[in-house]
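Throughout, protein chains are lettered first and strands after them, A, B, ... in sequence-line order, and every chain is numbered starting at 1. Keep in mind that what you see is a predicted model, and the values were worked out from it rather than measured.
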Amino acid sequence: MLNINIIINDPKGIESKLMKRGYSLNPADIIDIYNQRKDLIKIKETIAANKNKLNDKFKDASTEDEKNEIKKQSQEFEKKISHNKSLLEEKESELTKLMLDIPNIPLDDVPVGEDDKDNKIIKTWGSPKRHNFEHSSLFTKNGLLNFELGAKISKTRFVVMKGQIAKLHRSLVSYMLNQHTEVNNYIEYNVPYVVNSESMRGTGQLPKFEEDLFKINDSDLYLIPTAEVPLTNLYRDKIMIENDLPVYMVAHTPCFRSEAGSYGKDTKGIIRQHQFEKVELVHITCPQDAEKSLDMITSHAEKIMEDLEIPYQRVMLSTGDLGFSSCKTYDIEAWFPSQECYREISSCSYFGDFQSRRLNIKYKNNVTKRKEYVSTLNGSGLAIGRTMAALIENHTDGKIIKIPKVLQPITGFDIIKL
RNA sequence: GGAGAAGUGGCUGAGUGGUUGAAAGCGGCACCCUGCUAAGGUGUUAUAGGGUUUAAACUCUAUCGAGGGUUCGAAUCCCUCCUUCUCCA
């Protein structure tokens with residue numbers, strides 16, 4: 001959620017910044033409701049103050065008549081207060097609704113554009129190969145990756161992995177977790193895969209993107225679309241001291257996405273599944289360290305790609321491609337030889353105080369002595385299924401898949417025969 | 001599933017109807033003291049939202065798990081819910 005004061009202080013500026021990402025803000029509406037709300041507050045509080053003053057007189061009242069008079073007046077005040085209170089609540093929920101709908105403001109260095117075609121390539125690594133060995137079709141004979149079974153027991157966009165592929169998948173998880181905890185100093189968490197709506201609101205999935213989530217019937221619970229949700233929400237309603245920061249967390253979880261609106265997209269392979277696994281990195285930092293932190297997260301993710309010897313590029317998302325809560329995002333895209341293109345495998349985002357306002361996470365600033373909102377960031381380090389698909393395609397000759405050196409101690413094998 | 005107990009500021013923890021927005025301690029911060037460190041001394045230290053102001057100071061309102069209720073007045077009494085703990089099955 002944005003700080004409403006920045007809209008009030010610079011309505012035109014914010015309007016044009018949000019326009020860059022295709023969101024048309026109507027500052028006049030917001031300011032109007034904000035002022036109506038203020039007027040109601042003034043009225044309500046004046047009456048409340050009068051009532052409080054009246055109550056103080058009760059002790060000094062000596063006669064029954066006086067006391068009764070005070071009782072009568074106080075009840076009158078109370079009626080007016082509760083009337084104004086309900087008017088105020090209405091205005092406030094109206095305002096909150098508008099505010100929750102507004103996406104984060106892109107940083108100035110984010111390239112302006114309409115969609116992913118306008119993303120800016122920051123760096124590339126490795127030498128891309130080309131061939132026609134699409135990862136899923138390599139397994140039609142041996143069935144180690146089985147989409148029919150996934151559809152049979154569940155539905156399309158679910159997959160069953162077996163044998164060496166299941167183990168390769170698990171080894172990737174282990175490798176990534178070990179790397180992040182042992183080399184990059186993250187604290188490992190194991191968290192619930194089902195969270196309540198308050199958590200979803202905190203990180204920005206709700207109220208706007210409910211159709212992307214799997215909701216559990218007759219409950220306030222949802223399947224997590226990413227470990228970002230439970231991890232970041234661990235700190236909801238916390239006030240920290242500056243010395244507690246930064247916080248680096250990592251967790252491996254399955255992720256569930258309804259993929260509403262992506263019909264027909266990426267129907268082949270494990271690129272877009274309703275359920276996939278991911279190792280997620282979350283940072284909570286002081287605002288002044290946050291941009292540095294974004295580079296750190298991104299390079300932690302890139303290092304995994306390099307260890308796995310998968311060619312990749314880093315792009316900065318354009319304003320049109322930026323996620324709702326993010327003010328700056330780097331995507332890491334793996335090279336897919338069969339598609340002859342780079343595909344997203346990690347998304348590393350900086351949220352400023354957008355999430356921490358919703359989540360109410362603050363820290364006590366050592367210099368200003370005030371409690372200020374922390375910055376939150378997260379990045380995939382990495383998406384397991386896509387990484388495995390990229391690994392398979394980049395390390396196969398159509399007959400075998402070579403397992404990268406760093407994984408061999410965990411897999412216990414160095415090739416998979418097809 | 002049944003029976004109890006509890007949820008208070010960054011933390012621990014007093015507080016059962018009227019200057020209690022809240023004692024005390026810890027922690028934090030500022031200053032003093034000491035050659036340095038440790039120890040000590042003094043002061044300060046909740047959040048949100050209004051008013052006012054260049055700003056600070058000041059002032060008002062709300063907040064003691066959440067939401068309702070009783071009352072002139074609620075952290076304190078009642079109800080519902082949530083959470084935690086203990087005991088029983």
Side-chain angles (χ1 to χ4, degrees), chain A residues 1-10 30-100 191-192 194-202 206 216 218-222 230 233-247 284-286 353-374:
Chain A
M1 189 150 59
L2 296 182
N3 179 354
I4 192 160
N5 287 317
I6 65 170
I7 298 177
I8 288 161
N9 293 334
D10 182 19
I30 288 173
I31 292 169
D32 188 40
I33 292 171
Y34 178 78
N35 287 330
Q36 289 178 37
R37 168 186 156 277
K38 251 192 192 176
D39 292 340
L40 286 168
I41 289 172
K42 275 185 222 170
I43 295 167
K44 194 197 98 184
E45 291 194 349
T46 309
I47 301 168
N50 287 337
K51 188 189 165 201
N52 289 343
K53 268 184 222 150
L54 183 70
N55 291 341
D56 288 341
K57 286 194 210 149
F58 189 84
K59 269 183 300 181
D60 304 325
S62 43
T63 69
E64 278 305 306
D65 280 354
E66 266 179 88
K67 286 183 179 174
N68 285 334
E69 181 57 22
I70 289 172
K71 285 184 190 180
K72 210 180 111 195
Q73 283 184 31
S74 185
Q75 280 162 353
E76 289 297 312
F77 280 138
E78 188 51 43
K79 263 186 223 161
K80 288 186 197 164
I81 291 169
S82 63
H83 175 67
N84 274 288
K85 196 177 156 194
S86 58
L87 291 178
L88 179 62
E89 275 166 6
E90 230 169 82
K91 275 297 156 213
E92 290 205 309
S93 72
E94 214 176 311
L95 187 63
T96 307
K97 205 176 152 202
L98 285 177
M99 292 302 292
L100 284 176
V191 291
V194 176
V195 300
N196 56 34
S197 59
E198 200 178 342
S199 298
M200 287 293 189
R201 197 171 319 110
L206 287 179
I216 296 178
D218 302 322
S219 76
D220 183 44
L221 298 170
Y222 297 81
N233 272 279
L234 293 176
Y235 282 86
R236 169 148 50 84
D237 294 321
K238 281 262 181 222
I239 297 175
M240 310 164 80
I241 57 169
E242 193 166 334
N243 298 343
D244 293 336
L245 299 172
V247 172
I284 297 177
T285 73
C286 301
D353 61 4
F354 190 85
Q355 289 184 328
S356 60
R357 276 179 191 283
R358 290 171 166 241
L359 292 159
N360 191 28
I361 310 175
K362 296 184 179 176
Y363 77 105
K364 200 164 176 186
N365 185 312
N366 280 345
V367 179
T368 65
K369 313 294 177 215
R370 305 172 77 103
K371 292 184 176 77
E372 298 172 6
Y373 288 106
V374 298

Starting at atom [atom1] of [X], determine the distance to atom [atom2] of [N], rounded to an integer number of angstrom.
{"X": "A/Ile361", "N": "B/U47", "atom1": "CD1", "atom2": "P", "result": "17 Å"}
{"X": "A/Asp237", "N": "B/G10", "atom1": "CG", "atom2": "C1'", "result": "14 Å"}
{"X": "A/Asn84", "N": "B/A62", "atom1": "CG", "atom2": "P", "result": "14 Å"}
{"X": "A/Ile81", "N": "B/G50", "atom1": "CD1", "atom2": "P", "result": "19 Å"}
{"X": "A/Met99", "N": "B/G49", "atom1": "CE", "atom2": "C1'", "result": "15 Å"}
{"X": "A/Asn5", "N": "B/G49", "atom1": "CG", "atom2": "C1'", "result": "11 Å"}
{"X": "A/Asn196", "N": "B/A66", "atom1": "CG", "atom2": "P", "result": "16 Å"}
{"X": "A/Glu372", "N": "B/U47", "atom1": "CD", "atom2": "C1'", "result": "15 Å"}

[M] and [N], which share atom name [atom1], separated by this distance in whole Å:
{"N": "B/U86", "M": "B/U80", "atom1": "C1'", "value": "24 Å"}
{"N": "B/A48", "M": "B/G43", "atom1": "C1'", "value": "27 Å"}
{"N": "B/U59", "M": "B/G21", "atom1": "C1'", "value": "16 Å"}
{"N": "B/U76", "M": "B/C60", "atom1": "P", "value": "23 Å"}
{"N": "B/A55", "M": "B/U63", "atom1": "P", "value": "29 Å"}
{"N": "B/C72", "M": "B/G65", "atom1": "C1'", "value": "28 Å"}
{"N": "B/A62", "M": "B/G68", "atom1": "P", "value": "15 Å"}
{"N": "B/G13", "M": "B/A46", "atom1": "C1'", "value": "16 Å"}

How would you list, by chain and number, every residue that makes a salt bridge (charged side-chain N to carboxylate O under 4.0 Å, His left out) with A/Glu90, sequence neighbours excluded? none
With A/Arg201 via salt bridge (charged side-chain N to carboxylate O under 4.0 Å, His left out) - residues at least two apart: none
Assess the side chains of A/Asn196 and A/Asp220: does a donor N or O sit below 3.5 Å from an acceptor N or O? no
Hydrogens and angles aside, do A/Asp32 and A/Gln36 bring a side-chain donor and acceptor to less than 3.5 Å of each other? yes
Calculate, to the nearest 0.5 Å, the distance between atoms [atom1] and [atom2] belonging to [X] and [Y] respectively.
{"X": "A/Glu69", "Y": "A/Leu54", "atom1": "CD", "atom2": "CG", "value": "8.5 Å"}
{"X": "A/Asn9", "Y": "A/Ile4", "atom1": "CG", "atom2": "CD1", "value": "10.5 Å"}
{"X": "A/Tyr235", "Y": "A/Ile361", "atom1": "OH", "atom2": "CD1", "value": "9.0 Å"}
{"X": "A/Ser356", "Y": "A/Tyr363", "atom1": "OG", "atom2": "OH", "value": "10.0 Å"}
{"X": "A/Leu359", "Y": "A/Asp353", "atom1": "CG", "atom2": "CG", "value": "11.0 Å"}
{"X": "A/Ile33", "Y": "A/Ser93", "atom1": "CD1", "atom2": "OG", "value": "9.5 Å"}

Searching all strands shown, indicate the nucleotide that pairs with [N] (Watson-Crick or G-U wobble; both distances under 3.5 Å).
{"N": "B/A48", "answer": "B/U61"}
{"N": "B/A56", "answer": "none"}
{"N": "B/C33", "answer": "none"}
{"N": "B/G1", "answer": "B/C88"}
{"N": "B/U20", "answer": "none"}
{"N": "B/A6", "answer": "B/U83"}
{"N": "B/C77", "answer": "B/G69"}

Contact letters for nucleotides 67-84 of chain B, in which S counts primed atoms plus P, OP1 and OP2 and B counts the base, heavy atoms under 4.0 Å: -----BS-----------
Reading 5' to 3' through nucleotides 54-59 of chain B, protein heavy-atom contacts under 4.0 Å coded B for base, S for sugar-phosphate only, - for none: ------
Reckon [X] has a side-chain N or O less than 4.0 Å from the OP1 or OP2 of [N]?
{"X": "A/Asn52", "N": "B/A62", "answer": "yes"}
{"X": "A/Arg37", "N": "B/G49", "answer": "no"}
{"X": "A/Lys362", "N": "B/A46", "answer": "no"}
{"X": "A/Tyr373", "N": "B/U47", "answer": "no"}

Are [X] and [Y] close enough for a salt bridge, meaning some N to O gap below 4.0 Å?
{"X": "A/Glu94", "Y": "A/Lys97", "value": "no"}
{"X": "A/Lys57", "Y": "A/Glu66", "value": "no"}
{"X": "A/Lys362", "Y": "A/Glu372", "value": "no"}

Does a side-chain heavy-atom distance below 4.5 Å link A/Tyr34 with A/Asn5? yes
Report the residue (A/Glu92 or A/Ala49) whose heavy-atom-nearest nucleotide on RNA chain B is the more 5′ of the two. A/Glu92
Please find the pair of heavy atoms, one from A/Arg358 and one from A/Gly202, that lie closest to each other, and give the distance. CB-O, 3.4 Å
Looking only at non-hydrogen atoms, find the nearest pair between A/Arg357 and A/Leu2 and report the distance. CD-C, 3.9 Å
What's A/Tyr34 touching, base or sugar-phosphate or nothing? Going by heavy atoms closer than 4.0 Å. sugar-phosphate
Could you go step by step and tell me if A/Glu78 and A/Lys51 meet the salt bridge (charged side-chain N to carboxylate O under 4.0 Å, His left out) rule? CA-CA 8 Å; A/Glu78 188 51 43; A/Lys51 188 189 165 201; 2.5 Å; yes
Members of residues 40-48 of chain A that approach RNA chain B, where some heavy atom sits under 4.0 Å away: A/Ile41, A/Lys42, A/Glu45, A/Ala48
Identify all pairs in which a protein N or O lies below 3.5 Å from an N or O of nucleotides 7-9 of chain B, and state each distance.
none

